[in-house]
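Heads up, the thing below is written out as structure tokens.
None of the values given here were measured: they were computed from a predicted structure. Just so we're on the same page: letters track the sequence lines, and every chain starts at 1. When reading the values below, keep in mind they use all heavy atoms of this one structure, side chains included, and skip hydrogens, waters and symmetry mates.
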Protein chains: 2
Amino acid sequence: MKTTRNTTAKTAVTEILSKSKTALSHSEIYKLTADLCNRVTIYRILDRLVNDDIVHKIVDLDGTVKYAKCHHSHPVTIHNHAHFSCENCHEITCLESVKPSYIIPHNYKVTDINFTLSGLCPNCLNSNI
Amino acid sequence: MKTTRNTTAKTAVTEILSKSKTALSHSEIYKLTADLCNRVTIYRILDRLVNDDIVHKIVDLDGTVKYAKCHHSHPVTIHNHAHFSCENCHEITCLESVKPSYIIPHNYKVTDINFTLSGLCPNCLNSNI
DNA sequence: ATAAGTATCGCAACTATGTTGCAATAATAT
DNA sequence: ATATTATTGCAACATAGTTGCGATACTTAT
């Protein structure tokens, strides 16, 4: 059985995601680590964090992949809350309180959900673009 | 004002998407056109079809971008129905009847929605993987 | 404390995906 | 038929993500 280890790089990535109010892409995280480790290492760390349900992966409407730390009181396997993707500033934020309700098709087995709302976030809406 | 033209390549792409029961990626569409036109042309055709709301763009949980023809009786700007992305066969199908209900956060302006369910589709569920 | 086992890392090379500028081509309106 | 201009092909580029492998470093057992 694979045991997971805590390394300097993994701790740094977790820290970065904990502190960030918005979801971050691989390249954003890589820049923030400032040459602490290799580009590939960040990919592998993110994979592990996602597998361990410490971080979740969000994809916006353009196909941009971002990562955010979960703020659940206890670990959950399905992250069924909404995310908001701003078309102007391209920030992705978790809307923990917004949960979709829907009728599950009986012949499908649902194990994961991606619910992303897109448009203008409060910041960009105020600075009337 | 830009007028849109009907070309051989555009017609072919539209045909392919019309006939397909599942959403297709750029490379899948490119292969199906069989050297009818350049790779870049397919990208540009897909962009135009999306802009004209003839085709909609779907992103699955891995970040894979796919395209599907809309089967609306009349054109709509927000495609708020669900899509199902199978983790086994990687097919994406539209679940036209599954629409999420949710509470829109008042300070956000929502212009687009992506609601993707992921797991096992009926086919893969039956062949119990 | 030392050695063995193994998760993690760095590096290099590779694949896939998507974009841009520009000249050539072809669809459309007159 | 001709002029206009949307569309295309090509080449070159940019970005994202993956893989194999030898080196490193953390963990556990002795």
Solution key, residues 35-49 of chain A side-chain donor-acceptor pairs under 3.5 Å, sequence neighbours excluded:
{"from": "N38(A)", "atom 1": "OD1", "to": "V40(A)", "atom 2": "N", "distance (Å)": "2.9"}

**Asked** If an axis is fit to five pairs at each end of the helix from dA1(C)-dT30(D) to dT30(C)-dA1(D), what is the angle between the two, to the nearest 10°?
**Response**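 The value is 40°.
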Mind checking the CG-OG spacing from D62(A) to S85(A)? Nearest 0.5 Å is all I need.
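Those atoms lie 6.5 Å apart.
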To the nearest 0.5 Å, how far apart are NE2 in H90(B) and SG in C124(B)?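 Taking NE2 in H90(B) and SG in C124(B), the distance rounds to 9.5 Å.
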With sequence neighbours left out, write down each residue that passes side-chain hydrogen bond (donor to acceptor under 3.5 Å, both in side chains) with S101(A), or none if nothing qualifies.
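So S101(A) forms a side-chain hydrogen bond (donor to acceptor under 3.5 Å, both in side chains) with S101(B).
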Take atom [atom1] of [X] and atom [atom2] of [N], then tell me their distance rounded to the nearest Å.
X	N	atom1	atom2	value
H26(B)	dA16(D)	NE2	P	18 Å
D62(B)	dT17(C)	CG	C1'	14 Å
K57(B)	dT17(C)	NZ	P	14 Å
E28(A)	dT15(D)	CD	P	14 Å
D52(A)	dA7(C)	CG	P	13 Å

According to side chain to side chain contact (heavy atoms under 4.5 Å, CB included), who are the partners of [X], at least two apart in sequence or on a separate chain?
X	result
T22(A)	S20(A), L24(A), E91(A), T93(A)
T4(A)	K10(A), D52(A)
N51(A)	none

Open item on the list: My understanding is that a hydrophobic cluster links ILVMFWY residues whose side chain heavy atoms are under 4.5 Å apart, including indirect links. Using that, what else belongs to the cluster containing I58(A)?
Closed with: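 The other cluster members (ILVMFWY side chains, heavy atoms under 4.5 Å, direct or chained) are I92(A).
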Without swapping roles, check the side chain of T64(B) against the backbone of D60(B) for a donor-acceptor pair under 3.5 Å.
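Not a single qualifying donor-acceptor pair exists.
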- Message: Among residues 13-23 of chain B, which ones have heavy-atom contacts with DNA chain C below 4.0 Å?
- Response: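 When residues 13-23 of chain B is checked for heavy atoms under 4.0 Å from DNA chain C, there are no hits whatsoever.
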Assess the pair Y102(B) and Y102(A): is the distance between their ring centroids shorter than 6.0 Å?
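Ring centroids of Y102(B) and Y102(A) are no less than 6.0 Å from each other.
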Positive for side chain to side chain contact (heavy atoms under 4.5 Å, CB included) with K66(B), one of H26(B), K57(B), E28(B):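 Going through H26(B), K57(B), E28(B) one by one, the side chain to side chain contact (heavy atoms under 4.5 Å, CB included) with K66(B) is satisfied by E28(B) alone.
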Using atom names, set out every protein N or O paired with an N or O of nucleotides 24-27 of chain C below 3.5 Å, distance rounded to 0.1 Å.
{"from": "dA27(C)", "atom 1": "N3", "to": "R5(B)", "atom 2": "NH1", "distance (Å)": "3.2"}

Which residues share a salt bridge (Lys or Arg N to Asp or Glu O under 4.0 Å) with K19(A), sequence neighbours left out =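 Counting only residues at least two positions away or on another chain, K19(A) forms a salt bridge (Lys or Arg N to Asp or Glu O under 4.0 Å) with E15(A).
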- State whether T4(B) places a side-chain N or O below 4.0 Å from either non-bridging phosphate oxygen (OP1 or OP2) of dT7(D).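 Answer yes for this pair, as a side-chain N or O of T4(B) is under 4.0 Å from OP1 or OP2.
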Of all residues at least two apart in sequence or in a different chain, which pass the ring-ring contact (aromatic ring centres under 6.0 Å, His included) check with F84(A)?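 In terms of ring-ring contact (aromatic ring centres under 6.0 Å, His included), with neighbours along the sequence ignored, F84(A) is linked to Y108(B).
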What are the residues of residues 38-51 of chain B, sorted by number, that bring a heavy atom to within less than 4.0 Å of DNA chain D?
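Heavy-atom contacts with DNA chain D come from N38(B), R39(B), V40(B), T41(B), R44(B), I45(B), R48(B).
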